[in-house]
Engineer: 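Sharing a structure, written as structure tokens. Questions coming.
Basis for what follows: all heavy atoms, side chains included, without hydrogens, waters or symmetry-related copies.
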Amino acid sequence: MELLTIGAFAKASRLSPKALRLYDELDLLRPARVDPFSGYRYYAVEQLERARLVAWLRRLGMPLAEIRAVCALDRADAAREVRAYWARVEAETAVRRDLAAFLVDQLTADSRRDPTTVLELRYAARSDRGHVRTANQDTVYAGRRLLAVADGYGAAGAPASSAAVEALKFLDEGEELAAGSVLNVLEDAVRGASEAVLDLAADGEEAGTTLTALLWTGSKLALVHIGDSRVYLLRDGGLFRITHDHSVVQSLIDEGRLTPEEAASHPQRALLLKALGTDTPSVPDLRLHEARPGDRYLLCSDGLSAVVPDERILALLVGSAAPDTTAHALIEAANAAGGPDNVSCVVADLVEAAV
């Protein structure tokens, strides 16, 4: 077995001697031999492949604990883990990009803000049991600032979704929140919602819920999202989904192991990776969204998105029909597709306020 000194191995692997000593201590990359008298480390040429993989993963920013797990896998499984890690990085980067854009906008807003334009939400909320379920475990809410959808599950699913939305309703009252502080307030509100749902589960009944909400600040919409309910935006004739499902099938799509078409019939399509009421605290997605006059927003439970294709949703959202009429048409479309689940919709238009 050909051995390299730590200096030669560091040069070949592009890892510093200091990093190699750390990885030895962490049992991530042990030397092939350690001199019993001098303590000098020697590495086998065959270890270069693992060392280079470690170096590449560190350049990606992957934590050492995850690198250790990846290095223990075969090549195919390791590739899937790297793909999944990078999908998470891209999602987190997107959130930070939105926040950076918001900060730039806030810092430059005074010079271009039109004080004569006041925007407001015009909204409607509808919920239906569907054709199959015996009870409706969804909860919807629409007010002048707050729009919310929660999809409960378990024996106490209905009280869970109701408790989650109830914990946010105070945001619809009192003084309007400044865009700069709204995310912190939303995060605290969701923490209260999570505690309310956990209290139901503590009574011995399974209880959990998704929670997706938009909060109007007067200039921005703040989004909080956990689970697989969705928010769609209709802007300039195009339909955009501005939430990311926290579900097993979505994670498989992100990793390239499943196509969206395959996901529609996957046996685990209802399994969530994040929800309120789980033993492990789930961190919600929180971000600010740039709003424009003429935007139309749809918040919905998966009772709609799972059975009505995006093309049909777009067709129903386009046009001048009032939010209540549109919400009713969306629910009718879900029920026409079999209505296998509870279905809930909030439709809201951002318009110039009458003065």
Side-chain angles (χ1 to χ4, degrees), residues 1-100 226 228 244-263 266-269 271-274 278-287:
M1 178 174 62
E2 183 183 353
L3 295 179
L4 300 174
T5 65
I6 189 171
F9 191 78
K11 184 176 181 180
S13 64
R14 297 188 178 180
L15 290 169
S16 68
K18 180 179 180 181
L20 289 171
R21 286 190 286 271
L22 173 63
Y23 299 158
D24 180 11
E25 294 170 6
L26 296 175
D27 198 24
L28 178 61
L29 187 61
R30 291 287 194 182
R33 177 176 175 270
V34 178
D35 188 289
F37 301 104
S38 66
Y40 206 73
R41 295 170 173 84
Y42 295 87
Y43 293 83
V45 171
E46 292 77 12
Q47 292 181 282
L48 279 172
E49 182 177 359
R50 181 184 177 104
R52 286 167 179 157
L53 176 59
V54 171
W56 291 330
L57 294 175
R58 285 301 288 159
R59 291 191 188 98
L60 282 180
M62 183 178 285
L64 290 174
E66 291 189 47
I67 291 176
R68 183 185 293 108
V70 169
C71 289
L73 301 173
D74 61 38
R75 296 177 71 90
D77 288 339
R80 280 194 289 270
E81 287 300 315
V82 172
R83 189 181 296 115
Y85 168 77
W86 193 248
R88 294 196 303 272
V89 170
E90 288 184 322
E92 292 164 1
T93 301
V95 172
R96 292 192 312 207
R97 182 178 62 242
D98 290 344
L99 181 57
I226 188 164
D228 64 353
H244 193 75
D245 293 348
H246 301 141
S247 63
V248 169
V249 294
Q250 185 62 58
S251 70
L252 295 174
I253 293 171
D254 294 342
E255 295 168 17
R257 298 163 62 182
L258 206 64
T259 66
E261 294 74 23
E262 292 169 334
H266 195 278
Q268 293 183 314
R269 60 187 178 278
L271 292 182
L272 298 176
L273 295 178
K274 287 185 180 183
T278 59
D279 292 334
T280 303
S282 296
V283 178
D285 295 343
L286 287 161
R287 69 173 183 270

Engineer: Apply the test side-chain contact (heavy atoms from CB on, under 4.5 Å) to residues Leu252 and Val248: give CA-CA distance (whole Å), side-chain angles for both, the deciding distance (0.1 Å), then the verdict.
Structural biologist: CA-CA 6 Å; Leu252 295 174; Val248 169; 4.2 Å; yes
Engineer: Say you draw a straight line from CZ of Arg75 to CG of Asp77; how long is it, rounded to the nearest 0.5 Å?
Structural biologist: 12.5 Å
Engineer: If I compare all heavy atoms of Arg33 with all of Leu3, which pair ends up nearest, and what's the gap?
Structural biologist: CD-CD1, 4.1 Å
Engineer: Could you walk me through whether Arg21 and Ile6 pass side-chain contact (heavy atoms from CB on, under 4.5 Å), step by step?
Structural biologist: CA-CA 9 Å; Arg21 286 190 286 271; Ile6 189 171; 4.2 Å; yes
Engineer: Do you know the tightest heavy-atom contact between Ala55 and Leu15?
Structural biologist: CB-CD2, 3.7 Å
Engineer: As an exercise, state the distance from CD1 of Ile67 to CG of Leu53, rounded to the nearest 0.5 Å.
Structural biologist: 8.0 Å
Engineer: What do you reckon, is CD of Glu49 surrounded by more than 12 foreign heavy atoms closer than 6.0 Å?
Structural biologist: no
Engineer: Side chains of Val70 and Met62, heavy atoms from C-beta outward: is any pair under 4.5 Å?
Structural biologist: yes
Engineer: Once you round to the nearest 0.5 Å, how far does NZ of Lys274 lie from CG of Asp285?
Structural biologist: 5.5 Å
Engineer: Return the minimal non-hydrogen interatomic distance between Ala44 and Ala32, and the atom names on each side.
Structural biologist: N-CB, 3.7 Å
Engineer: Check the pair Leu73, Arg80 against side-chain contact (heavy atoms from CB on, under 4.5 Å), reporting the backbone distance first and the verdict last.
Structural biologist: CA-CA 10 Å; Leu73 301 173; Arg80 280 194 289 270; over 6 Å; no
Engineer: Apply the test side-chain contact (heavy atoms from CB on, under 4.5 Å) to residues Arg14 and Arg59: give CA-CA distance (whole Å), side-chain angles for both, the deciding distance (0.1 Å), then the verdict.
Structural biologist: CA-CA 11 Å; Arg14 297 188 178 180; Arg59 291 191 188 98; 3.4 Å; yes
Engineer: Could you report the tightest heavy-atom contact between Gln47 and Arg30, atom names first, then the distance?
Structural biologist: NE2-O, 2.6 Å
Engineer: In Å and rounded to the nearest 0.5 Å, what is the CG to OG distance from Leu271 to Ser247?
Structural biologist: 9.0 Å
Engineer: For the pair Tyr85 (side chain) and Gly61 (backbone), establish whether a donor and an acceptor sit closer than 3.5 Å, ignoring hydrogens and angles.
Structural biologist: yes
Engineer: Tell me the closest heavy-atom pair linking Leu29 and Ala51, and the distance in Å.
Structural biologist: CD2-CB, 3.7 Å
Engineer: Could you measure the distance from the NE2 atom of His244 to the CD atom of Glu90? Nearest 0.5 Å is fine.
Structural biologist: 10.5 Å
Engineer: Looking at every heavy atom in both Asp228 and Asp245, which two are closest together, and how far apart are they?
Structural biologist: O-OD1, 3.8 Å
Engineer: Can you run down the ring-ring contact (aromatic ring centres under 6.0 Å, His included) pairs that involve residues 41-84, sequence neighbours left out, and say none if there aren't any?
Structural biologist: Phe9-Tyr43, Tyr40-Tyr42
Engineer: Out of curiosity, Arg50 CZ to Leu28 CG, how far, rounded to the nearest 0.5 Å?
Structural biologist: 5.5 Å
